[in-house]
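Written below as structure tokens is the structure these notes are about.
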Amino acid sequence: MADDSADAILAALLPVIDGLAASFGPTCEIVLHDYRRGEQSVMAVSGAVTGRKAGGALSEIGLTVLAQGDAAANDINYVTRTEDGRIIKSSTMPLRDGAGHVFGALCVNVDVTALRQAGDLLTALAGTAPVQVAATTFSNDFDDVVDALIRAEEVSRGKPVSSLTRVERLALLQVLDGRGVFTVRNAVPRIAERLGVSRSAVYADLNECRKTPPVDPQHHSNSVAPVARRHQPPRTEESPGAVRRPVTTSSEENR
């Protein structure tokens with residue numbers, strides 16, 4: 001059974017993460033994710049870089065893995081920034097069950113803020129501007145991740161999402177869909193609340209987006225770039241073994 005093999009893999013990794021974190025020291029954190037748990041995917045944490053604990057939420061990076069489904073691959077040594085300004089070097093390695101399906105991830109986060117500051121000092125002395133790093137939301141509450149994604153779109157568009165026209169709203173939903181937001185259960189009610197529309201409106205708009213991608217001439221969002229490093233189309237239920245599933249109707253969600 002696929003679930004049995006996934007459980008066995010997680011059980012084998014649990015005692016390993018403490019040893020890995022201890023080997024790298026206090027600036028290292030190892031996070032074990034089980035995406036079968038939904039938004040509270042953090043199964044275990046060793047270290048204290050991002051402040052998360054068991055039962056915590058997946059980040060935008062985790063959403064990207066979900067959006068890629070079984071096409072997800074190791075993402076090694078990418079750099080992100082926490083909301084308090086610390087620079088984190090991270091690696092995300094998807095976990096696969098016996099059938100080859102992605103069900104979780106092993107993540108390594110190393111706080112390299114001090115090293116980055118030293119590097120910035122050297123580049124300043126050399127007359128070179130330091131490289132800007134996009135922020136990632138590490139939180140124990142998935143609502144914080146949703147809010148960060150919405151804020152980024154509001155900043156990019158220069159207006160609150162509650163004031164978007166329908167064409168703009170369709171384009172926004174397409175961006176969020178590409179980020180994997182709707183792979184998480186109960187994401188639609190959260191987005192509907194922030195947009196100031198009904199759940200049924202979001203379901204209808206999202207299904208329309210997936211049939212015919214909307215054109216938003218006034219906005220070309222680049223907010224996907226920081227985490228969508230592998231340019232692969234999201235996998236849907238038509239793709240065998242995909243993690244991602246299409247949004248169902250509101251009545252189906254309540255079953």
Side-chain angles (χ1 to χ4, degrees), residues 33 39 41-42 49-52 56-68 72 75 78-90 92 105 107 109 113 116 129-184 186-197 201-202 205-206 209-210 213-234 244 247:
H33 289 274
E39 65 188 66
S41 68
V42 177
V49 173
T50 64
R52 284 178 295 177
L58 75 173
S59 69
E60 296 97 323
I61 298 165
L63 288 175
T64 298
V65 176
L66 286 175
Q68 292 169 340
D75 202 351
Y78 57 89
V79 179
T80 62
R81 176 172 54 84
T82 64
E83 291 188 336
D84 62 5
R86 288 178 296 120
I87 305 300
I88 310 297
K89 185 183 77 168
S90 301
T92 298
C107 301
N109 300 311
T113 305
R116 187 60 179 261
V131 177
Q132 298 300 312
V133 178
T136 297
T137 306
F138 298 107
S139 174
N140 288 308
D141 188 344
F142 184 65
D143 281 329
D144 293 338
V145 179
V146 173
D147 287 339
L149 292 170
I150 293 295
R151 283 198 303 271
E153 286 300 313
E154 288 181 329
V155 170
S156 180
R157 295 169 182 275
K159 63 167 70 174
V161 294
S162 59
S163 68
L164 297 180
T165 65
R166 186 166 186 270
V167 171
E168 292 170 333
R169 188 170 75 239
L170 289 172
L172 170 64
L173 291 176
Q174 186 184 31
V175 170
L176 296 178
D177 194 26
R179 296 294 299 267
V181 171
F182 297 109
T183 60
V184 176
N186 294 325
V188 167
R190 289 178 163 107
I191 298 301
E193 179 182 0
R194 288 158 176 80
L195 292 177
V197 299
V202 173
D205 288 349
L206 187 56
C209 286
R210 289 174 173 175
V215 177
D216 184 357
Q218 296 181 342
H219 175 74
H220 299 283
S221 176
N222 58 4
S223 61
V224 178
V227 296
R229 285 168 291 275
R230 294 176 295 277
H231 301 288
Q232 298 167 333
R244 181 175 177 169
V247 168

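In this structure, the separation between CZ on F182 and CG on L63 is 10.5 Å, given to the nearest 0.5 Å. Between the CG atom of L206 and the CD1 atom of I191 there is a distance of 10.0 Å, given to the nearest 0.5 Å. For the atom pair OG1 of T80 and CZ of R86, the computed distance is 9.5 Å after rounding to the nearest 0.5 Å. Rounding to the nearest 0.5 angstrom, the gap separating the CG atom in D205 from the CD atom in Q174 is 12.0 Å. Rounding to the nearest 0.5 Å gives a distance of 9.0 Å between CG of D177 and OG1 of T183.
Side-chain contact between V184 and V146 is absent, with no heavy-atom pair separated by less than 4.5 Å. Between D75 and T64 there is no side-chain heavy-atom pair separated by less than 4.5 Å.
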(message) Walk me through whether V197 and R166 qualify under side chain to side chain contact (heavy atoms under 4.5 Å, CB included).
(response) CA-CA 11 Å; V197 299; R166 186 166 186 270; over 6 Å; no

(message) For R157 and L172: C-alpha separation, side-chain torsions, deciding distance, then whether side chain to side chain contact (heavy atoms under 4.5 Å, CB included) applies.
(response) CA-CA 10 Å; R157 295 169 182 275; L172 170 64; 3.9 Å; yes

(message) As a quick check of understanding, evaluate side chain to side chain contact (heavy atoms under 4.5 Å, CB included) for I61 and Y78, giving each step before the final call.
(response) CA-CA 11 Å; I61 298 165; Y78 57 89; 3.2 Å; yes

(message) Using side chain to side chain contact (heavy atoms under 4.5 Å, CB included), reason through L176 and I150 one step at a time and then give a plain yes or no.
(response) CA-CA 9 Å; L176 296 178; I150 293 295; 4.1 Å; yes

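With sequence neighbours excluded, the residues that form a side chain to side chain contact (heavy atoms under 4.5 Å, CB included) with S162 are P160. With sequence neighbours left out, the side chain to side chain contact (heavy atoms under 4.5 Å, CB included) criterion links S41 to H33, Y35, L58. In this structure, S59 has no side-chain hydrogen bond (donor to acceptor under 3.5 Å, both in side chains) partners at least two apart in sequence or on a different chain. Applying the side-chain hydrogen bond (donor to acceptor under 3.5 Å, both in side chains) criterion to R151, with sequence neighbours excluded, gives E83. Every residue two or more places apart in sequence or in another chain that forms a side-chain hydrogen bond (donor to acceptor under 3.5 Å, both in side chains) with T165 is listed here: E168. Residues passing the side-chain hydrogen bond (donor to acceptor under 3.5 Å, both in side chains) test with E39 are R190, sequence neighbours excluded.
A pairwise comparison of heavy atoms in A67 and G180 identifies CB-CA, 3.7 Å as the closest pair. Residues V161 and E154 come closest through the heavy atom pair N-OE2, 3.1 Å. Closest of all the heavy-atom pairs between V42 and A57 is CG2-O, 3.7 Å.
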